[in-house]
There are 2 protein chains.
Amino acid sequence: MIRGKVRFHCKSCDYHFTQEHTEKASPQKQVHTTIKDIAQIMGVSIATVSRALNNKADISPKTRDAIQKLALELDYNPNLFAKGFQRGETKTIGVVIPNIKRPFFAGVLSGIQEVANEHGYRVMICQSNESYETEVTNIQGLLASHVDGLLISHSKETTRFNQIKNLFEKGLPMVHFDRICSEVETPKIRQEDFEGAFQLVEHLIQQGYQRIAILAGPPELLISQKRKEGYISALEKHDLPIKPEYMVHGDFSKEFALASVDAWQQLPEPPDAIFAIHYLNAVEIIQYAKELGIEIPQKLGIVGFGDEYLAEIVEPALTVFHLFPQKVGEVAAALLFDVISNKEARQQKDVLVQGQLIIRKSSLKKG
Amino acid sequence: MIRGKVRFHCKSCDYHFTQEHTEKASPQKQVHTTIKDIAQIMGVSIATVSRALNNKADISPKTRDAIQKLALELDYNPNLFAKGFQRGETKTIGVVIPNIKRPFFAGVLSGIQEVANEHGYRVMICQSNESYETEVTNIQGLLASHVDGLLISHSKETTRFNQIKNLFEKGLPMVHFDRICSEVETPKIRQEDFEGAFQLVEHLIQQGYQRIAILAGPPELLISQKRKEGYISALEKHDLPIKPEYMVHGDFSKEFALASVDAWQQLPEPPDAIFAIHYLNAVEIIQYAKELGIEIPQKLGIVGFGDEYLAEIVEPALTVFHLFPQKVGEVAAALLFDVISNKEARQQKDVLVQGQLIIRKSSLKKG
DNA sequence: TAAGTCTTCGTAAACGTTACCGATAGGTGA
DNA sequence: TCACCTATCGGTAACGTTTACGAAGACTTA
């Protein structure tokens with residue numbers, strides 16, 4: 001039924017399917033104009049309006065222009081909701097990350113947003129707060145919203161991947177970045193975790209540091225593993241011993257970082273350099289070392305991953321391997337849209353986002 | 001037509017409205033299970049399935065349980081899209097901010113997310129990148145997505161508000177925060193801009209600083225105005241002269257901040273303290289002053305707004321007025337849901353989020 | 001002028017869900 | 001036995017949009 005007219009009308013028997021409807025005028029101003037409104041005012045059918053607004057064929061220029069003009073006046077914009085509903089797509093992608101507040105992820109989001117906008121997509125963001133349970137709920141919610149694709153960086157708790165494996169097999173386009181899941185063959189954005197760690201440690205060695213310790217993150221995280229491998233590989237290349245007491249897995253917390261420093265200082269041979277895989281830990285260690293009166297970089301060299309403004313400001317400034325988070329986001333989004341637009345070619349396709357070694361005072365023993 | 005059956009059937013004449021449809025089997029695995037699928041498998045109608053899944057009355061416990069069990073097995077989740085479409089709401093709110101990467105806004109977003117999740121809403125985020133044009137486009141897009149409400153912090157370019165005024169008058173629930181628009185009577189989240197500035201400047205005066213300069217943001221921004229008013233008010237209270245040459249409006253850029261310092265140093269009476277309303281500018285000035293060999297806090301006191309980790313790390317550590325961004329987000333979202341749930345009581349309702357003065361070395365002349 | 005072609009527009013199905021109304025069956029009361 | 005009630009379930013309109021199909025008019029061609 002359209003504003004008083006019957007909607008379904010059997011022509012062979014003149015039977016009306018809908019009863020009369022008493023038009024109770026709702027005085028509420030409506031937020032959205034619909035093509036139905038336009039059609040009624042213009043005295044044409046909704047199909048004609050739709051054709052006019054979409055610049056389809058089968059319409060006279062005169063009608064088209066008139067309709068477009070009216071649509072502009074009523075500042076009509078199509079209900080993307082209904083449109084997506086009709087076409088089976090939502091023009092929306094979902095993003096699951098551990099925490100928005102972390103500068104790395106904020107940068108990634110920014111990159112995602114930019115590329116999504118260019119493609120005419122909107123972005124729905126969820127944070128897991130490093131909780132597996134929340135992550136599952138988030139993905140469930142995004143799924144219920146019928147996102148066209150998913151961009152995921154897992155929580156550090158996540159060790160079971162049956163949910164996303166299931167979704168992947170059902171054909172939901174998705175791409176992993178940063179906190180990657182190697183159990184599902186989704187396209188992934190790789191960062192130079194191994195390479196960066198290698199370069200950082202090699203740089204320390206070249207500066208004359210001999211006893212280099214690593215403060216890694218949770219052992220389940222791939223970035224922990226990769227960066228540790230880079231660390232070990234650099235030591236091996238330069239024939240330095242690999243000592244278990246120099247390798248610690250933490251939880252990225254400040255408490256753990258400082259406790260590790262304490263523990264290392266108790267050793268008969270304390271390390272003369274520390275590679276903290278998280279830049280925040282590196283900054284915290286710098287501050288702590290100064291409190292303890294340990295000279296940086298003379299007595300202790302410090303390097304880390306991730307170049308936030310902090311690394312530049314702390315004294316001495318921190319040598320880091322920078323990961324270009326915005327770039328990661330852009331590439332991840334671009335890859336996702338690639339998958340969305342041609343699902344057939346869904347073979348695994350990894351992309352490497354290059355980083356850059358930025359040398360500052362905290363590691364310059366030779367000056 | 002539903003899987004081979006005719007859809008519209010006139011009972012009084014046995015006329016079928018739809019022609020036969022050759023079922024071309026699509027081999028593609030479908031991502032989403034629908035109630036139609038469940039209905040077909042169970043041999044019941046979609047109405048029954050809907051009732052069962054929503055725990056409505058008019059259904060036998062046996063049927064309900066069986067349907068719910070099957071739904072679980074097929075891991076069905078309702079298409080929130082279609083549901084919202086049907087009920088005229090989307091359970092989605094839109095957020096427009098200048099930039100995700102700024103820690104303040106990241107914090108706000110985090111707070112918004114949390115409250116939205118509690119209310120069963122999803123969040124759609126757009127960044128204007130401080131461009132008026134982008135902002136308008138963003139809002140247009142969110143509107144097209146039929147968000148149930150809007151949370152806005154304007155770009156620094158935005159001076160015309162006809163778009164949101166229009167939307168507000170049409171009854172779209174929305175709330176302003178941080179970069180507020182005073183021309184539209186939306187509910188607003190106020191921060192202690194005046195109070196914070198007042199406390200910061202009074203603190204400087206109590207420390208013995210006499211010639212206090214202010215580096216403000218764009219004059220159009222309300223936070224610039226409010227913080228400047230607090231600055232002036234504190235000076236007046238303590239009978240200090242208000243000198244135009246000590247009051248500068250910039251664009252928050254590093255270049256402008258450093259140029260301002262240079263200009264101030266050229267004065268016959270250079271300021272002995274600087275209040276930068278943006279913490280980043282404050283940090284940049286600290287670094288620059290050190291380069292110039294100006295002792296902080298003895299020769300120059302520095303204070304700012306916004307307490308990021310940076311303020312703690314920079315040397316000397318920065319005295320700030322902290323704004324609790326997460327809290328701002330939480331309160332803004334809560335207020336928005338308030339408006340959404342009872343539109344009648346849409347009178348203007350402002351909420352004040354309190355801040356806190358955090359004193360550190362950069363302003364401790366007396367030590 | 002009859003038949004065919006092209007232009008332009010209307011009709012209604014479809015997407016997934018909810019809600020209203022009606023239908024059916026079984027039970028209960030007189 | 002018949003009317004009435006209740007529990008349970010089915011049918012389908014509606015939300016806004018796109019689109020396949022058909023219809024009607026205008027125009028062209030033989």
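Numbers restart at 1 for each chain; the letters A, B, ... are given by sequence-line order, proteins then strands. As a basis for the values below, the full set of heavy atoms in this structure was taken, side chains included, without hydrogen atoms, waters or symmetry mates.
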Results of side-chain hydrogen bond (donor to acceptor under 3.5 Å, both in side chains) for B:N77 - residues two or more places apart only: A:Q140
Which residues share a side-chain hydrogen bond (donor to acceptor under 3.5 Å, both in side chains) with A:S50, sequence neighbours left out: none
According to a strict under-4.0 Å criterion, is [X] in side-chain N/O contact with OP1 or OP2 of [N]?
{"X": "A:K83", "N": "D:dG16", "value": "no"}
{"X": "A:T48", "N": "C:dC9", "value": "no"}
{"X": "A:S60", "N": "C:dC9", "value": "yes"}

For DNA chain C, the residues among residues 49-57 of chain B that have a non-hydrogen atom under 4.0 Å from it: B:S50, B:R51, B:N54, B:K56
Return the set of residues passing salt bridge (Lys or Arg N to Asp or Glu O under 4.0 Å) with [X] (not counting sequence neighbours), or none when no residue passes.
{"X": "B:E73", "answer": "B:K69"}
{"X": "A:D75", "answer": "B:K170"}
{"X": "A:E133", "answer": "none"}

Sugar-phosphate, base or nothing in reach of B:I59, heavy atoms under 4.0 Å: sugar-phosphate
Touch class at under 4.0 angstrom, heavy-atom based, for A:N79 against every strand present: sugar-phosphate
Atom-pair distance ([atom1] on [X]; [atom2] on [N]), nearest Å:
{"X": "B:K62", "N": "C:dG26", "atom1": "NZ", "atom2": "P", "value": "13 Å"}
{"X": "B:R87", "N": "C:dA19", "atom1": "CZ", "atom2": "P", "value": "6 Å"}
{"X": "B:M42", "N": "D:dT8", "atom1": "CE", "atom2": "P", "value": "15 Å"}
{"X": "A:Q40", "N": "D:dT17", "atom1": "CD", "atom2": "P", "value": "14 Å"}
{"X": "B:I35", "N": "C:dA14", "atom1": "CD1", "atom2": "P", "value": "16 Å"}
{"X": "B:I46", "N": "C:dT18", "atom1": "CD1", "atom2": "P", "value": "10 Å"}
{"X": "B:K91", "N": "C:dT17", "atom1": "NZ", "atom2": "C1'", "value": "15 Å"}
{"X": "B:L80", "N": "C:dC15", "atom1": "CG", "atom2": "C1'", "value": "15 Å"}

Inter-axis angle, terminal five-pair segments of the helix from C:dT1-D:dA30 to C:dA30-D:dT1 [nearest 10°]: 70°
Derivation of the side-chain hydrogen bond (donor to acceptor under 3.5 Å, both in side chains) call for A:T90 and A:D148: CA-CA 6 Å; A:T90 59; A:D148 292 340; 3.2 Å; yes
Contact summary for A:K36 and A:I46, nearest pair of heavy atoms: CA-CG2, 3.8 Å
Minimum-distance nucleotide (side-chain atoms of [X] versus [options]):
{"X": "A:P61", "options": "C:dT8, D:dT18, C:dT17", "value": "C:dT8"}
{"X": "A:T63", "options": "C:dT18, D:dT8, C:dC9", "value": "C:dC9"}
{"X": "B:Q86", "options": "D:dT18, C:dG10, C:dT18", "value": "C:dT18"}
{"X": "B:A47", "options": "C:dG10, D:dG16, D:dT12", "value": "D:dT12"}

Pair B:Q113-A:I100, side-chain contact (heavy atoms from CB on, under 4.5 Å): steps then yes or no: CA-CA 10 Å; B:Q113 289 270 6; A:I100 302 183; 3.9 Å; yes
Residue mapping more 5' on DNA chain D - nearest nucleotide basis, B:S45 or B:A82: B:S45
B:F85 or B:D58, whichever maps to the more 5' nucleotide of DNA chain D: B:D58
Can you list, pair by pair, the side-chain donor-acceptor contacts under 3.5 Å of residues 54-61 of chain B, counting residues two or more places apart and other chains?
{"unit_1": "B:N55", "atom_1": "OD1", "unit_2": "B:Q68", "atom_2": "NE2", "d": "3.2"}
{"unit_1": "B:S60", "atom_1": "OG", "unit_2": "B:T63", "atom_2": "N", "d": "3.3"}
{"unit_1": "B:S60", "atom_1": "OG", "unit_2": "B:T63", "atom_2": "OG1", "d": "2.6"}

Ring pair (Phe, Tyr, Trp, His ring centres under 6.0 Å) partners of A:H176, counting only residues at least two apart: A:H154
